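Shown next, in structure tokens, is the structure this report addresses.
The figures here come from the full heavy-atom set of this structure, side chains too, leaving out hydrogens, waters and symmetry mates. Because the structure is a prediction, the values reported are computed rather than measured.
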Amino acid sequence: MNTKKKIILILTGLAILGALAAALAPSPVPVSTVRVEKGYFAEYVEDEGYTRLKTTHVMSAPVQGYLHRVDLEPGDGVQAGEVLFSMESLPAPGLDLRALEQARENLKAARARLEAARAEHENARTQMEYAVREVIRHEELFARDVISASVMDKMHNEQMRAKAAKKAARSAMEAARFEKENTRAVLEITQGARLGREQGLKIRSPVAGIVLRRMHYQEGTVPAGVEILEVGDLDDMEVRVDLLSMDAVRVRPGMRVELERWGGEPLSGRVRRVEPAGFTKISALGVEEQRVPVLVEITSPRQDWEQLGKEYRVEARFILWEGRDVISIPSNAKFRENGDWRVFVVQDGRAVVRRVEPGRRSGLRTQVVQGLEPGEKVITHPGDRVSDGVRVEAGPRQN
């Protein structure tokens, strides 16, 4: 009985000591953990951009004149060669009685000069035909050595002079005709007369597409060069993204791009061009940034983005590198110690520090080249209470 009592007392004492040690031992540190994953991983840069057309056509008034009302509205489709708007010359000022009578007399004089020029042209034509016949007759005589070479040269000279006289008479006749038409226009287009929509100058669309903007539509007088309509083809859509210069130097033509948050399903694209010149942009925080325009071609089928218009906002993700079987962890799980990158791995309820070799970084995740295996748990956001060997307890947000 004494031995049994001693054993009971010893066990009771050990239990009390164990309970006391457990009570005095520090409680586990609550931590957030995440499992090490192995799968698809992509390194990328992303930024906001907007859609644009490679080529647009701003149709403006070619001359000063009277613009007829523009019926086309933004969104209306047009075909190549279709009339976009029409305009005519400014209405001619009216003539007083004296100027009107003088214009009539000028027209009569112009008609008389035209008739005289026609008669002169007919006379010159007859003389040239006669000179041609004379050359043919003298060539036969010259072939039989009846006439000399000097006579033959003289006949050729006469033919050339007759031909030149006919040409001059024809030019004089044309000039007289133009003069008559000019005087007729002065006489007939008077009292503010207008040509009308059908006879005016018609401006046609150079491409098939839609009307993007209408800058001027009301009927009235417009100066030369004023912009009327902007026309473009939405099938020629691309995306412009102004990247930070430090990101733009990593982007190359042909790289894959993911276009998101434009209002529909994600689209695919590829880099078409990285502009060689950048520009300075002031950010929302007032910081000067060097930006570089990067142009992205949309490769998804047209029906997937038919609702996308010009200057719509999109978010572009440029895939710099991607892999399928890549081990990665959240970037907030690693920390620096003695110049090396380390993480805390949870083993048997304790935090164990381990050296890792990180690779590429993408957003909030980092590739791990060496040091971890898929399925292991690492601690994210390790605080000052976490150290090597300390007991930890995963919180409710563990993965």
Could you walk me through whether T299 and R270 satisfy the side-chain hydrogen bond (donor to acceptor under 3.5 Å, both in side chains) test, starting with their C-alpha distance in whole Å, then the side-chain angles of each, then the deciding distance to 0.1 Å, before giving a yes or no? CA-CA 7 Å; T299 58; R270 62 170 171 262; 5.1 Å; no

Could you please spell out the steps behind the side chain to side chain contact (heavy atoms under 4.5 Å, CB included) verdict for V271 and R252? CA-CA 7 Å; V271 177; R252 297 289 183 271; over 6 Å; no

Using the rule given for side chain to side chain contact (heavy atoms under 4.5 Å, CB included), can you reason through I327 versus E37, listing the C-alpha separation, both sets of side-chain angles and the distance that settles it, and then say yes or no? CA-CA 6 Å; I327 297 176; E37 297 180 357; over 6 Å; no

Trace of the side-chain hydrogen bond (donor to acceptor under 3.5 Å, both in side chains) decision for E219 with Y66: CA-CA 7 Å; E219 186 170 327; Y66 189 89; 3.0 Å; yes

Derivation of the side chain to side chain contact (heavy atoms under 4.5 Å, CB included) call for W341 and E357: CA-CA 7 Å; W341 286 104; E357 182 180 347; over 6 Å; no

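Judged purely by atom type and a 3.5 angstrom limit, R272 has no side-chain atom pairing as donor or acceptor with the backbone of G269. Under a 3.5 Å cut-off, the side chain of E120 and the backbone N or O of A117 do not form any donor-acceptor pair. Side-chain atoms of R302 come within 3.5 Å of backbone atoms of W305 as a donor-acceptor pair (strictly under, hydrogens ignored). Side-chain N or O atoms of E174 include none that pairs as donor or acceptor with a backbone N or O of S171 at under 3.5 Å. Using a distance-only test at 3.5 Å, with no hydrogens or angles considered, no donor-acceptor pair links the side chain of R385 to the main chain of V29. Using a distance-only test at 3.5 Å, with no hydrogens or angles considered, no donor-acceptor pair links the side chain of T280 to the main chain of Q290. Not one N or O on the side chain of S300 forms a donor-acceptor pair closer than 3.5 Å with the backbone of D304. With S331 contributing its side chain and L364 its backbone, the two residues share a donor-acceptor pair below 3.5 Å. Checked by atom type and distance alone, the side chain of D236 never pairs as donor or acceptor with a backbone atom of D233 at under 3.5 Å. Side chain of R350 to main chain of G389: a donor-acceptor pair is present (N/O by atom type, distance under 3.5 Å, no hydrogens or angles).
In this structure, CG in D71 is found 7.0 Å from CZ in R69, a value given to the nearest 0.5 Å.
A ring-centre distance under 6.0 Å is not found for Y217 and F85.
Salt bridge annotation for E129-R125: present, with a cationic side-chain nitrogen under 4.0 angstrom from a carboxylate oxygen. With salt bridges taken as basic N to acidic carboxylate O contacts below 4.0 Å, one links E337 and R342. Between R273 and E297, none of the side-chain N atoms (NZ, or NE/NH1/NH2) sits under 4.0 Å from a carboxylate O, so this pair counts as no salt bridge. A salt bridge does not link E179 to R177: none of the charged nitrogens lies less than 4.0 Å from a carboxylate oxygen. E230 has a carboxylate O that lies under 4.0 Å from a charged side-chain N of K310, or vice versa, which qualifies the two as a salt bridge.
Scanning all heavy atoms of the two residues, the minimum distance from L114 to M173 falls at CD1-O, 3.5 Å. Counting all heavy atoms, side chain and backbone alike, F344 lies closest to S387 at CE2-C, 3.7 Å. Of all the heavy atoms in H68 and S86, the pair that sits closest is ND1-OG, 2.8 Å. Between V36 and E373, the shortest heavy-atom contact is CB-O, 3.5 Å.
Few gaps surround CZ on F279; more than 12 heavy atoms of other groups in view lie less than 6.0 Å from it. Atom NZ of K167 has 12 or fewer neighbouring heavy atoms from other residues, nucleotides or ligands inside a 6.0 Å radius. Atom CE of M215 has more than 12 neighbouring heavy atoms from other residues, nucleotides or ligands inside a 6.0 Å radius.
Here salt bridge (charged side-chain N to carboxylate O under 4.0 Å, His left out) pairs that include residues 41-53, with residues two or more places apart or in two chains, are E43-R250, E43-R360, E46-R317, D47-R291, E48-R313, R52-E238.
In this structure the side chain of V346 never reaches within 4.5 angstrom of the side chain of V378, judged on heavy atoms. The closest side-chain heavy-atom distance from L67 to I228 is below 4.5 Å.
Judged by distance alone, the side chains of R365 and S328 do bring a donor and an acceptor atom under 3.5 Å apart. Side-chain contact of Y312 with Q307: a donor-acceptor pair under 3.5 Å is absent, judged by distance alone.
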